Structure formats: C-alpha cells, structure tokens
Amino acid sequence: MDSIAEILRKIVGNSGKQSLIAKVNCVGDYNCEVTVVESGLILPNVRLTSGTDATKGIIICPAKDSYVIVDKLNDIDYYVSMYSEIASYKVCVGDMSILITADAITLNDGRLGSNIPDIGKLVGQLNALENKVNNLISTLNGITIPLAPSGTFPFSTIFGAVSSLETTKANDIADEKIKN
C-alpha cells in the first residue's frame with residue numbers, strides 16, 4: 001500500500017515545477033512551517049496564499065501534522081498549493097470576510113459581536129411577546145375606571161386607537177442572502 005507521500009507524488013508527477021511534499025509542523029495566521037518529506041529540510045514561513053497581501057483573497061490553513069504540496073514562488077518564497085487536511089478556510093473580499101472552522105462560521109471577524117439566530121426559535125419568542133402585548137391591550141380596553149363624583153372613565157378611549165400586533169413570520173425577518 002502506498003504512503004500518503006507516494007500517492008501525492010504520483011498525483012503531482014514531474015511537471016518541471018518545484019513542488020515539494022511536506023508535513024506541517026506548525027501554522028501561524030498567514031504562514032506555516034513544514035518539513036519536506038524526501039529530504040527532512042525544514043521550511044519556515046511558507047505562505048498560506050500565493051499573493052503578497054495575506055489579508056486578501058483565500059487563506060487556507062492546513063491542519064498540524066497534515067501533508068501539503070509546497071510550490072516555489074521564487075528563489076526565497078514558497079506557498080502551500082494543495083492540502084490533505086485543513087483547519088480553517090477564510091475568504092476576504094473587500095471589507096467582508098468569512099472564516100470557516102470545525103467549530104464555527106464567523107462573518108467579518110465577528111466585528112458586530114452577534115450570532116445568527118435560530119430563526120424558528122426567534123420567531124417563537126417574538127410571537128410569545130406579541131401575544132402578551134395583544135392580551136394586555138385587550139385587557140386594558142375592557143377596563144373602566146370609576147371616578148368620583150362624576151362617574152366612570154373607560155380605558156378604551158385611550159387604548160382603542162392602539163391596534164393589536166401582527167405575529168411575526170420567519171420571512172418577515174429572514175435575510176435571503178444568508179442561509180443556515
């Protein structure tokens with residue numbers, strides 16, 4: 001049975017490029033350190049993207065101890081071009097970003113400090129609140145306050161103009177651009 005390195009070597013072949021099969025030692029935000037499988041040479045600061053601005057485009061972080069294909073950009077720089085396993089995947093377009101890990105999906109680096117709610121649960125909570133407000137309006141409309149000595153004053157003159165709340169539906173608050 002072929003090892004992972006041998007399988008990757010068969011896939012990559014000898015295309016004239018300087019591609020190396022390497023094992024990931026550690027990963028930083030925009031680079032990693034790898035050990036070349038054939039020679040044992042340690043390559044520090046291998047880019048996670050081929051571009052010069054690591055905050056733009058697609059940034060894929062390999063998992064520690066996974067195997068990668070490292071390609072040479074120039075006499076000094078290498079970048080990871082293929083992955084056997086990834087720890088995170090980040091796409092940056094303009095001011096927007098999305099980071100996907102095994103634990104979470106984070107939009108725009110979490111700058112808004114909020115989470116995308118479970119829409120069904122949110123609608124249920126809103127409907128419960130709306131029903132309580134509607135019950136309160138209905139109850140207040142039926143109350144008459146006794147006033148001495150002139151008689152009574154019905155609350156309906158105050159609350160008659162207040163209409164009941166309509167119950168919220170998922171489509172009322174859903175953003176069709178975000179799927180969950």
Side-chain angles (χ1 to χ4, degrees), residues 1-12 17-74 76-131 167-180:
M1 180 186 237
D2 291 339
S3 70
I4 292 175
E6 290 167 343
I7 292 170
L8 289 173
R9 206 173 290 110
K10 287 178 184 177
I11 292 171
V12 173
K17 285 175 48 176
Q18 286 194 324
S19 296
L20 304 168
I21 299 166
K23 186 173 182 180
V24 178
N25 300 330
C26 60
V27 181
D29 289 337
Y30 304 110
N31 56 38
C32 64
E33 177 186 278
V34 300
T35 300
V36 178
V37 171
E38 285 187 41
S39 66
L41 176 68
I42 294 175
L43 298 175
N45 299 317
V46 175
R47 295 182 192 178
L48 299 179
T49 178
S50 62
T52 55
D53 188 348
T55 62
K56 294 181 181 174
I58 298 173
I59 303 159
I60 304 172
C61 291
K64 186 177 182 311
D65 296 326
S66 66
Y67 289 89
V68 294
I69 302 291
V70 175
D71 286 330
K72 196 168 190 175
L73 285 170
N74 53 42
I76 300 169
D77 297 317
Y78 289 87
Y79 78 100
V80 178
S81 62
M82 295 182 74
Y83 307 77
S84 67
E85 185 181 346
I86 64 173
S88 68
Y89 185 87
K90 185 173 186 176
V91 178
C92 302
V93 179
D95 291 338
M96 296 178 56
S97 67
I98 182 167
L99 172 65
I100 302 170
T101 65
D103 301 322
I105 297 174
T106 306
L107 301 175
N108 299 323
D109 298 320
R111 286 190 300 258
L112 295 179
S114 64
N115 297 322
I116 298 173
D118 176 335
I119 199 78
K121 185 177 178 182
L122 177 61
V123 168
Q125 290 173 334
L126 287 173
N127 287 340
L129 181 59
E130 292 158 344
N131 289 334
T167 55
T168 303
K169 296 168 191 62
N171 288 340
D172 295 339
I173 58 176
D175 184 344
E176 292 301 316
K177 295 178 186 172
I178 300 175
K179 302 290 182 193
N180 185 6

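This chain uses plain numbering: 1 for the first residue, then up along the sequence. Please read all numbers here as calculations on a predicted model, not as lab measurements. Excluded from the calculations below are hydrogen atoms, water molecules and symmetry mates; all remaining heavy atoms, backbone and side chain alike, are included.
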Distance from [X] atom [atom1] to [Y] atom [atom2], nearest 0.5 Å?
X: Ile100; Y: Lys90; atom1: CD1; atom2: NZ; answer: 12.0 Å
X: Leu129; Y: Thr167; atom1: CG; atom2: OG1; answer: 12.5 Å
X: Asn31; Y: Asp77; atom1: CG; atom2: CG; answer: 10.5 Å
X: Tyr89; Y: Ile58; atom1: OH; atom2: CD1; answer: 3.5 Å
X: Thr35; Y: Asp65; atom1: OG1; atom2: CG; answer: 10.0 Å
X: Lys64; Y: Glu85; atom1: NZ; atom2: CD; answer: 12.0 Å

Of all the heavy-atom pairs spanning [X] and [Y], show the shortest one and how long it is.
X: Pro62; Y: Val27; value: O-CG2, 3.3 Å
X: Leu48; Y: Cys32; value: CD2-SG, 3.9 Å
X: Ala63; Y: Ser66; value: O-OG, 2.5 Å

Check: [Y] and [X] side chains under 4.5 Å, non-hydrogen atoms:
X: Leu20; Y: Tyr78; value: yes
X: Ile60; Y: Val80; value: no
X: Glu38; Y: Ile21; value: no
X: Thr49; Y: Tyr30; value: no
X: Asp71; Y: Tyr79; value: yes

So with a 6.0 Å cut-off around NZ of Lys56, is the heavy-atom count from everything else above 12?
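Atom NZ in Lys56 is not packed in, count stays at 12 or less.
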
Heavy-atom count around Asp172 CG within 6.0 Å, excluding the residue itself: above 12?
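Yes, enclosed.
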
Does Asn108 use its side chain to pair, donor to acceptor, with the backbone of Ser97 at less than 3.5 Å?
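Flag set: sc Asn108 to bb Ser97 pair under 3.5 Å.
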
Checking Asn127 side chain against Thr168 main chain: does a donor-acceptor pair fall under 3.5 Å?
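Yes, the answer is positive, given that a donor and an acceptor are paired below the 3.5 Å cut-off.
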
